[in-house]
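Comments concern the structure below.
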Amino acid sequence: MKIGYPCINWTIGCKGDRTFRLKSYSEERLIETVENNLNCLINMLNFNIKNNLLFFRITSDLVPFASHPICKFDWQNHFKNKIQEIGKLINKNNMRISMHPDQFIVLNSKTPDVVERSIAELYYHAEVLDLMKLDKTAKIQLHAGGAYGNKKESLERFADNYNKLDEKIKNRLVIENDDKIYSFKDCLFLHEKIKVPLLFDLFHHRVLNNKESVEDCLEKQRKTWEKEDGIPLLDYSSQKVGFRPGSHAESIDLKDFEKFLNDSKPYDFDIMLEIKDKESSALKAINIAEKDKRLVKISEQNG
DNA sequence: TCACGTCAAGCAGAT
DNA sequence: ATCTGCTTGACGTGA
């Protein structure tokens, strides 16, 4: 078990997700921004290593407009050395990495143009991880998409489009249950069709489910991951009290987290804390998890 | 230096 | 029809 937080770190004053307006696109601007983002990523990774946070989600904004037609720049080659350096840092410290393309990426859209642009964006994500020379355990997590009034048909459309994807993307894509449309059970249906690994989002499951126990989901999830995919990934969050169901908490509910750690034995997985205060909650979580025999520690790996 | 309108992209649900 | 949320504010013009 490794624990981490997504994309940005509020402590070190450098977030690595800088972007700019499409209107002000230029090659110089792109280079300058990516340079900044990669340096920040290194800083965040070093912070994480120091604090035993060995799971991290890399922002989709690392290379702004990478999949947009406006971008003709060969950023892959230009930043090859620096990206490889980052990959070495990750591999040396045996860190787990994920990425999460945002809401515009809809593989089962009824609009062919949306699907095409989504695939381009997925390709960009895969390229970042490939350039870092990370193995198949580094994953790109995506929701199943829209419902369009017919969930079954929409899942079948997802499966059809998935089957046409480049291996480069298929190697890394995993599907996550959401809190509005596709429950974990729906994702299992998808897994049966295309054998894609499933990422279990505990919080989404609490909002949208089919009355299955968490243990039941963890058992079924485990079977969707092959050995080379690594141990399963899990998103953890808790409800922001007084806000709409599904609203993410500002900081971690430690009692709930501790209870989940106890209840989830003997399953092993890496946990992404989707909590708004980021590393602050992650550090508290690590403190609690230190008592758990499942936790992988940096000293043990290097020793 | 700061206020504030707007930002590449999709979809669903609430208002 | 328009707004909000999603993993999250922050870019950039105008004064």
Side-chain angles (χ1 to χ4, degrees), chain A residues 4-10 13-26 29-30 32-33 36-37 40 44 55-71 97-125 139-151 154-155 157-158 161 174 176-183 186 199 201-204 207-208 233-240 243-252 271-282:
Chain A
Y5 60 96
C7 306
I8 60 176
N9 177 307
W10 296 107
C14 172
K15 304 210 273 67
D17 64 341
R18 225 167 78 189
T19 182
F20 49 87
R21 297 291 159 86
L22 179 59
K23 262 199 202 162
S24 47
Y25 182 92
S26 73
R29 188 68 190 269
L30 182 72
E32 179 194 318
T33 306
N36 167 81
N37 289 348
C40 287
M44 289 191 285
F55 183 22
F56 191 62
R57 182 184 298 166
I58 295 176
T59 176
S60 298
D61 285 332
L62 194 69
V63 184
F65 305 107
S67 73
H68 191 282
I70 201 171
C71 179
I97 296 295
S98 67
M99 294 183 87
H100 192 341
D102 57 12
Q103 62 269 32
F104 312 107
I105 311 320
V106 185
L107 208 46
N108 74 344
S109 175
K110 289 191 147 176
T111 313
D113 186 47
V114 171
V115 175
E116 199 173 306
R117 278 183 283 128
S118 295
I119 293 172
E121 181 75 355
L122 288 173
Y123 197 88
Y124 147 66
H125 281 73
K139 294 301 186 189
I140 301 167
Q141 64 188 87
L142 191 68
H143 295 293
Y148 310 91
N150 185 336
K151 281 167 65 174
S154 296
L155 285 176
R157 195 167 50 251
F158 186 103
N161 288 337
V174 301
E176 171 190 0
N177 57 303
D178 65 75
D179 61 348
K180 286 199 182 71
I181 307 167
Y182 294 109
S183 66
D186 295 323
L199 186 151
D201 188 311
L202 177 66
F203 183 44
H204 289 162
V207 178
L208 177 71
L233 298 181
L234 184 139
D235 280 359
Y236 174 88
S237 187
S238 44
Q239 177 65 37
K240 185 173 181 180
F243 284 73
R244 66 155 190 94
S247 189
H248 288 255
E250 292 292 329
S251 82
I252 188 167
I271 307 179
M272 179 59 60
L273 298 171
E274 292 189 328
I275 315 268
K276 299 211 176 186
D277 66 3
K278 307 287 177 182
E279 78 283 1
S280 170
S281 282

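Lettering follows sequence order; numbering is per chain, from 1.
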### Contact list for DNA chain B against residues 98-106 of chain A - heavy-atom distance below 4.0 Å
A:Gln103, A:Phe104, A:Val106
### Query
Does a salt bridge link A:Asp178 with A:Lys180, judged by any charged N lying under 4.0 Å from a carboxylate O?
no
### Query
Which atoms form the tightest heavy-atom contact between A:Tyr25 and A:Phe65, and what is the distance?
CD1-CD1, 4.1 Å
## Note on the structure
Rounded to the nearest 0.5 Å, the CD1 atom of A:Ile181 sits from the CG atom of A:Asp186 at a distance of 10.0 Å
### Task
Return the minimal non-hydrogen interatomic distance between A:Thr33 and A:Arg18, and the atom names on each side.
CG2-O, 3.1 Å
### Message
What is the separation between atom CD1 on A:Ile8 and atom P on C:dT7, rounded to the nearest whole Å?
### Response
13 Å
### Message
Please report the distance, rounded to the nearest Å, between NE2 in A:His204 and C1' in C:dG5.
### Response
11 Å
### Query
Using the P atom in both, what is the distance from B:dA8 to C:dA1, to the nearest Å?
26 Å
### Query
What distance separates A:Arg157 CZ from A:Ser109 OG, expressed to the nearest 0.5 Å?
7.5 Å
### Message
Please find the pair of heavy atoms, one from A:Leu107 and one from A:Val115, that lie closest to each other, and give the distance.
### Response
O-CG2, 3.8 Å
### Message
Rounding to an integer number of angstrom, what distance separates C:dC6 and B:dA9 when you compare their C1' atoms?
### Response
13 Å
### Whole-Å distance separating the CG atom of A:Asn108 from the C1' atom of B:dG10
11 Å
### Message
Measuring only the P atom in each nucleotide, how far is C:dT8 from B:dA3? A whole number of Å is fine.
### Response
25 Å
### Task
Look at atom CD of A:Glu116 and say whether more than 12 heavy atoms of other residues, nucleotides or ligands are closer to it than 6.0 Å.
no
### Query
Which heavy atom in A:Pro101 sits nearest to a heavy atom in A:Gln141, and how many Å separate them?
CD-O, 3.2 Å
#### Entry: Least distance between heavy atoms, A:Val106 atom then A:Val114 atom
O-CG1, 4.0 Å
### Task
Rounded off to whole Å, could you give me the CZ-to-C1' distance for the A:Phe158 and B:dC11 pair?
15 Å
### Message
Distance check, P atoms only: B:dG13 and C:dT7, in whole angstrom units.
### Response
16 Å
Under 3.5 Å between N/O atoms: give me all the protein pairs with nucleotides 12-15 of chain B, atom names plus distance.
| residue | atom | partner | partner atom | Å |
| --- | --- | --- | --- | --- |
| B:dA12 | OP1 | A:Ala147 | N | 2.9 |
| B:dA12 | OP1 | A:Tyr148 | N | 2.8 |

### Summary
Within residues 273-282 of chain A, those residues having any heavy atom closer than 4.0 Å to DNA chain C are A:Glu274, A:Lys276, A:Lys278
### Query
If you take all heavy atoms of A:Asp17 and A:Asn37, which pair is closest and at what distance?
N-OD1, 3.6 Å
#### Entry: C1' spacing across the pair B:dT6 / C:dC3, given as an integer number of angstrom
15 Å
#### Entry: A:Ser237 side chain reached by A:Ile275 side chain, heavy atoms, under 4.5 Å
yes
### Query
Relative to each other, are the rings of A:Tyr5 and A:Phe56 parallel, tilted or perpendicular (30° and 60° limits)?
perpendicular
### Task
For the side chain of A:Ser67, starting at C-beta, report the closest nucleotide among B:dC11, B:dA8, C:dT8.
B:dA8
### Query
Within the side chain of A:Glu279, is there an N or O that forms a donor-acceptor pair under 3.5 Å with the backbone of A:Trp10?
yes
#### Entry: Atom pair distance, as rounded to whole Å: CG in A:Leu142 and C1' in B:dA9
14 Å
#### Entry: Side chain proximity check, A:Pro6 to A:Lys278, heavy atoms < 4.5 angstrom
yes
### Task
Mind calculating the distance between OH (A:Tyr123) and P (B:dA9) to the nearest angstrom?
25 Å
Table of protein N/O atoms under 3.5 Å from nucleotides 11-13 of chain C N/O atoms:
| residue | atom | partner | partner atom | Å |
| --- | --- | --- | --- | --- |
| C:dC11 | O2 | A:Arg21 | NH1 | 3.2 |
| C:dC11 | O2 | A:Arg21 | NH2 | 2.5 |
| C:dG12 | OP1 | A:Arg21 | N | 2.9 |
| C:dG12 | OP1 | A:Ser24 | OG | 2.4 |
| C:dG12 | OP2 | A:Arg29 | NH1 | 3.2 |
| C:dG12 | OP2 | A:Arg29 | NH2 | 2.5 |

#### Entry: Separation of B:dA8 P from A:Leu30 CG (nearest whole Å)
14 Å
### Task
Can you tell me which residue pairs pass the salt bridge (Lys or Arg N to Asp or Glu O under 4.0 Å) test with a partner in residues 97-108 of chain A, sequence neighbours excluded?
none
### Summary
Note, DNA chain C 5' to 3' with Watson-Crick or G-U pairs under 3.5 Å encoded as ( ), [ ], | and . gives ||||||..|||||||
### Query
How about A:Asp235 and A:Arg57: do any of their side-chain heavy atoms sit closer than 4.5 Å?
yes
### Query
How many Å lie between NE2 on A:His125 and C1' on B:dA9, as a whole number?
12 Å
### A:Lys139/A:Glu176 salt bridge by N-O under 4.0 Å criterion
no
### Summary
From the candidates C:dT7, C:dT8, B:dG10, the one with an atom nearest any side-chain atom of A:Ser109 is B:dG10
### Query
OP1, OP2 of B:dC11 versus side-chain N and O of A:Lys110: anything below 4.0 Å?
no
